[in-house]
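Written below as structure tokens is the structure these notes are about.
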Amino acid sequence: RPRMVRAGRISAEDAGTALGQAADLGQSPEDAFDKIRQLPAKALGRLLAQPGALTERQIPVALEAALHRVVEMDGKDCVRILNALALYGGVRPDEVTLRALGEQLGDRLADISPADMADLTESLAEASLPLVPIFARLSAAFSLQAAGATAPQLAKMAVGFSQVRLADRRLFPRLATSAVPQLHIFGNKDLSSFLAAFATVGQCHEVLLTAASKLVAARAQHWSSLDLALIAFAYAQFFLVYPAVVSVLRRRLPGCAHELPPVRLAELAVSCARLEVTEAPLVATFASSVDLSGLSAPLFGQAAKALALLGVATSPAVQSQLETECAIRLGIDTPELSLPGLPENTWLLDLLECLGETADDARRNHGGNYPAFVATAFGRAEASLVELCPSLGPADVASLYRSLRLLPPSLVAPLEGAGSWAVHQALARRALDLAEVQAFGPLELTSVMFSQLCVYPQLWSDADAEDPGNPQWKALQLSWNRIGESFRSANPQGLGDLRAERQAEVLRLLQQEVDSTGHVVGSGASVLGAGAGPRRPVALEVLEILAELGHEASGPLMVGPIEVHAISNGRGLCLMPEDAYFRRLPISTAFEEAEPMQRGAKVPAEIELCLERNAELRLLRHRGLPTLPVACL
């Protein structure tokens with residue numbers, strides 16, 4: 001009796017070898033090439049789809065032969081040829097051939113299943129083949145069948161299109177609509193990748209994100225570090241703060257963020273800054289493990305800004321990286337670095353926000369000692385900023401002005417001949433152009449005018465006003481005047497942002513005149529409300545000292561939104577906490593006469609009042625109430 005032997009499983013390569021032998025391609029390479037060129041499209045597609053059926057030298061010949069037989073192909077043949085193009089990559093068809101292949105694929109869509117389309121999209125994307133005509137046909141076909149697609153197929157389509165940066169506005173909504181009823185079927189990897197794909201192409205589907213947020217919370221303990229990073233990116237890209245999602249990120253990320261590769265960790269820092277995920281262990285991971293080298297220019301700018309917002313740009317390790325990377329990316333040679341050339345300039349807006357936020361954090365939390373790279377990077381960026389200004393939009397102008405406002409006054413003072421002078425000129429011209437066409441929204445208009453109030457007190461402060469006929473200041477003066485007209489005409493109200501509301505109050509105070517008793521001249525309305533300000537112990541102590549010296553004093557009081565801690569003999573006193581001052585670089589222990597708005601006070605030469613507090617003091621004096629700062633250091 002014959003013995004039964006269980007057959008072993010045949011590998012794909014063995015099957016391919018058998019298929020190649022069955023094709024009988026001949027003994028010599030030349031004979032094989034000739035026979036391959038004579039094969040029909042279907043046979044070529046099967047040989048190319050089967051690993052091992054053709055040798056490395058035969059594959060390009062088979063691909064070229066197949067591309068000459070496009071009209072013979074059915075849908076399956078088109079898919080096989082396209083998969084071969086993605087897999088082998090040695091042949092790049094011309095535009096005419098691609099268009100013909102796309103049209104043939106479109107005409108034979110009935111032969112192709114959603115699974116075939118998803119697999120093909122994945123293959124083309126992974127091979128970095130953005131064949132737009134093919135993707136267009138795949139999009140149209142899959143959109144019609146999306147309702148019956150499985151979760152893995154939906155994920156493959158979304159990820160594939162995002163990898164080649166094709167934001168198809170017909171396909172992605174269909175994918176989202178089909179995915180929502182079956183989100184619970186998605187695996188963790190597929191769901192996180194699916195959500196991140198929408199963020200990558202800028203497609204915000206709030207119904208999908210809302211439904212997914214519940215699943216994110218339900219699976220809180222099962223997400224990997226990469227899954228969490230992708231989820232954070234999916235929501236942060238649109239600044240959507242879902243409490244359930246943020247709660248999961250705050251609980252899980254501190255314990256696993258260190259597992260991420262450098263690029264993902266930098267991306268996570270951006271997401272956490274936007275979602276305000278600022279747990280101390282997580283921030284410590286960013287400070288110790290983030291690597292800014294090798295990032296694309298846009299990601300570097302966003303990561304630098306995020307690190308500043310998270311408060312870690314002042315840490316020694318991050319400071320060193322930022323200084324090094326700015327030297328490289330701004331094309332400044334150093335003894336250690338000699339990489340030339342300037343990158344595209346759009347990332348500079350994020351870098352300037354990084355510098356401004358870093359300086360602001362140093363002033364508020366580190367005694368005013370801002371890192372040296374803030375000054376060096378700003379100086380290196382000045383020329384590129386001048387080139388960038390003419391192309392800025394309204395939000396960009398407001399952002400750049402805000403960054404200047406947050407920097408130390410000694411770095412950004414509009415002094416003729418200084419490196420920043422050209423930046424001020426170019427930015428003022430751009431703001432003027434945008435104001436002329438009423439391009440600023442209420443928030444942007446308020447921010448721009450408030451920044452100009454702080455940075456250019458010479459334009460409105462009586463004691464320091466520049467000669468209006470000075471041609472060097474003409475661009476700044478014209479910009480200030482036009483922005484002011486727009487602000488008065490718009491009279492922004494209900495801005496929905498506490499800081500913007502306060503800025504608008506300060507700007508309105510510029511239009512009012514205050515006498516030494518705290519009243520608006522020409523009306524009976526009191527700008528100063530007795531007891532309106534918080535009665536700080538140190539303010540009360542100042543009042544007691546003034547009384548002991550025989551001076552009548554009152555306060556603390558409020559002039560609009562500005563707190564005046566004491567008024568005596570028609571002069572105001574404002575107590576300035578340590579976090580209102582920067583420390584100059586390099587630090588000096590000498591004393592010098594105060595800034596013009598601080599005349600009558602003595603301040604250490606190594607410190608300087610931030611621009612916002614400077615502007616408030618100038619404004620009080622300008623409106624009729626001379627006010628001096630009292631530094632509480």
Side-chain angles (χ1 to χ4, degrees), residues 118 121-122 125-126 151-167 171-172 175-176 179-180 182-279 282 285-286 289-291 295-296 298-299 302-303 306 310:
T121 300
E122 182 181 46
E126 289 180 352
Q153 292 164 7
L154 294 170
K156 285 181 180 180
M157 290 298 293
V159 171
F161 273 74
S162 71
Q163 284 179 330
V164 293
R165 300 298 191 271
L166 293 176
L171 174 66
F172 276 89
L175 296 178
V180 168
Q182 53 180 319
L183 280 180
H184 61 285
I185 302 175
F186 278 74
N188 286 355
K189 182 180 178 181
D190 281 345
L191 180 57
S192 60
S193 300
F194 184 71
L195 296 176
F198 279 75
T200 300
V201 297
Q203 296 277 324
C204 181
H205 198 285
E206 292 197 31
V207 173
L208 170 65
L209 292 171
T210 300
S213 67
K214 301 173 184 177
L215 202 57
V216 170
R219 300 182 185 179
Q221 299 305 315
H222 303 288
W223 301 107
S224 69
S225 58
L226 181 57
D227 293 335
L228 291 169
L230 292 175
I231 290 169
F233 171 72
Y235 288 87
Q237 189 72 357
F238 307 111
F239 296 89
L240 294 175
V241 180
Y242 282 76
V245 174
V246 172
S247 177
V248 171
L249 297 176
R250 287 174 173 166
R251 293 201 314 268
R252 292 290 320 282
L253 283 175
C256 64
H258 64 278
E259 301 171 359
L260 293 170
V263 173
R264 289 295 184 190
L265 188 62
E267 292 175 345
L268 180 62
V270 176
S271 300
C272 288
R274 293 180 177 182
L275 298 177
E276 298 183 0
V277 179
T278 57
E279 272 50 37
L282 177 61
T285 297
F286 291 136
S289 303
V290 75
D291 184 0
L295 301 181
S296 66
L299 179 55
Q302 292 175 18
L310 292 168

Look at the side chain of Ser247 and the backbone N and O of Pro243, then say whether any donor-acceptor pair between them is shorter than 3.5 Å. no

Is Tyr235 reaching over with its side chain to a backbone N or O of Ser213, donor-acceptor style, under 3.5 angstrom? yes

Looking at Glu276, I'd like to know if its CD atom is crowded, meaning that more than 12 non-hydrogen atoms belonging to other residues, nucleotides or ligands lie closer than 6.0 Å. no

Pairwise side-chain contact, Glu279 with Arg251, heavy-atom cut-off 4.5 Å (strictly under): no

Side-chain touch Phe286/Leu268, heavy atoms, less than 4.5 angstrom: yes

Looking at side-chain heavy atoms only, is the closest gap between Gln302 and Glu267 below 4.5 Å? no

Arg165 side-chain N/O to Ser162 backbone N/O, donor-acceptor pair under 3.5 Å: yes

To the nearest 0.5 angstrom, please state how far the CG atom of Leu260 sits from the CG atom of Leu253. 8.0 Å

Arg252 side chain to Leu228 main-chain N or O, any donor-acceptor pair under 3.5 Å? no

On a heavy-atom basis, which atom in Val290 and which in Ala266 lie closest, and how many Å separate them? CG2-CA, 4.3 Å

How many angstroms lie between atom OG of Ser193 and atom NZ of Lys156, to the nearest 0.5 angstrom? 12.5 Å

Apply side-chain contact (heavy atoms from CB on, under 4.5 Å) to the pair Ser271 and Leu249, showing each step before the final yes or no. CA-CA 10 Å; Ser271 300; Leu249 297 176; over 6 Å; no

Side chains of Lys214 and Leu183: closer than 4.5 Å at any heavy-atom pair? no

Candidate pair Val201 and Phe172, rule side-chain contact (heavy atoms from CB on, under 4.5 Å), full reasoning: CA-CA 9 Å; Val201 297; Phe172 276 89; 3.8 Å; yes

Is there a donor-acceptor pair under 3.5 Å between the side chain of Arg264 and the backbone N or O of Leu226? no

Qualifying residue, where the test is side-chain contact (heavy atoms from CB on, under 4.5 Å) with Phe194 and the options are Leu175, Val159, Leu230: Leu175

I need the His222 NE2 to Asn188 CG distance, nearest 0.5 Å. 8.0 Å

If I take atom OG1 from residue Thr210 and atom NE2 from residue His205, how far apart are they, to the nearest 0.5 angstrom? 10.0 Å

From SG (Cys272) to CG (Leu310), nearest 0.5 Å: 7.0 Å

Give the minimum heavy-atom separation between Gly160 and Thr121, together with the two atoms involved. CA-CG2, 3.9 Å

Can you tell if the side chain of Tyr242 reaches within under 4.5 Å of the side chain of Leu275, non-hydrogen atoms only? no

Closest contact, heavy atoms only, Ala158 versus Ala197: O-CB, 3.4 Å

Residues Ala303 and Leu295: closest non-hydrogen pair is CB-CD1, 4.4 Å

Nearest atoms (heavy-atom pairs only) where Lys189 meets Asp227: CA-OD1, 3.8 Å

Could you tell me the separation between the CD1 atom of Ile231 and the CG atom of Leu191, rounded to the nearest 0.5 Å? 6.5 Å

Closest heavy-atom contact between Ala125 and Val164? CA-CG1, 4.0 Å

